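Note that the structure is a prediction, hence the values are computed from the model and not measured. First listed ligand is number 1; within each ligand, the first listed atom is number 1.
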Amino acid sequence: MQTDPDQTPYELIGGAETVRNLVNAFYARVAQDPDLSPIFPDDFTEVREKQYMFLTQFLGGPHLYSQVHGHPMLRKRHLPFPITPRRAKAWLACMSRAMDDIRLQGPVRDFIFARLSQVARHMVNQPDDTSR
Ligand code: HEM
């Protein structure tokens with residue numbers, strides 16, 4: 001992915017400032033998404049901060065999320081919410097657009113997106129509603 005094997009994705013994209021910008025752009029998209037917004041609270045302040053902390057450690061930065069909230073156990077924490085394949089797709093589409101918004105490009109973007117795609121698939125906890 002890169003010539004310097006010691007650099008984490010976190011460092012490669014520009015650290016805290018970039019993660020903050022990405023998370024802000026992402027939830028602005030989520031708030032506008034007809035599939036996603038109904039399952040999120042009206043106020044994104046808390047989830048935005050948690051996601052900032054989670055992504056920081058997920059990308060190889062400081063372990064902010066675990067320091068405050070313990071083991072991520074992401075699938076378990078998502079179980080109270082109906083996460084369908086359709087919503088996983090919508091989540092990833094919001095993330096891809098957020099990456100466009102902040103002009104995150106190149107192999108590091110592809111690498112991060114591929115890893116987030118794996119996690120998103122893992123979060124799915126119920127089938128699509130076929131009655132719609
Ligand atoms: C697959 C589609 C996904 C959906 C529909 C979804 C939806 C949600 C919802 C509804 C919440 C809770 C908001 C609240 O507190 O009321 C949440 C929390 C969270 N999500 Fe997701 N999520 C998805 C995928 C992901 C992925 C891929 C990640 C990580 C890369 C992630 C990371 C988080 C984190 C860190 C939290 C906060 C957990 C906590 O400490 O409470 N989510 N998500």
Next item on the list: Answer with side chain, backbone, both or neither: which part of L92 has a heavy atom less than 4.0 angstrom from an atom of ligand 1?
Entry: neither
Notebook entry, point to check: Under 4.0 Å from ligand 1, counting heavy atoms only, is it the side chain of V124, its backbone, both or neither?
Noted result: neither
Next item on the list: Consider ligand 1: state whether an atom of it lies below 4.0 angstrom from any non-hydrogen atom of F58.
Entry: no
Next item on the list: Show your working on salt bridge (charged side-chain N to carboxylate O under 4.0 Å, His left out) between D128 and R87 and close with a plain yes or no.
Entry: CA-CA 9 Å; D128 281 319; R87 286 204 173 100; over 6 Å; no
Checklist line | Nearest option to atom 19 (C) of ligand 1, as decided by whichever heavy atom of R115, R86, H78 sits closest | finding: H78
Checklist line | Heavy atom of the protein closest to atom 34 (C) of ligand 1 (residue, atom name, distance) | finding: L74 CD2, 3.9 Å
Item checked: Under 3.5 Å side-chain donor-acceptor pair for Q57 and S66 -> yes
Item checked: Which of the ligand 1 atoms, numbered from 1, are nearer than 4.0 Å to a heavy atom of I39 -> 5 (C), 10 (C)
Check: Counting heavy atoms only, which part of I83 comes closer than 4.0 Å to ligand 1: side chain, backbone, both or neither?
Finding: side chain
Checklist line | Nearest protein heavy atom with distance in Å, relative to atom 35 (C) of ligand 1 | finding: F54 CB, 3.6 Å
Check: Counting from 1, what ligand 1 atoms have a heavy atom of P41 closer than 4.0 Å?
Finding: 13 (C), 14 (C), 16 (O)
Checklist line | Protein heavy atom at shortest distance from atom 31 (C) of ligand 1 | finding: Q51 NE2, 3.6 Å
Next item on the list: Among all protein heavy atoms, pick out the one at the shortest distance from atom 7 (C) of ligand 1; state its residue, atom name and that distance to 0.1 Å.
Entry: F40 CZ, 3.3 Å
Item checked: atom 28 (C) of ligand 1: the protein heavy-atom neighbour that sits closest, reported with distance to 0.1 Å -> W91 CZ2, 3.7 Å
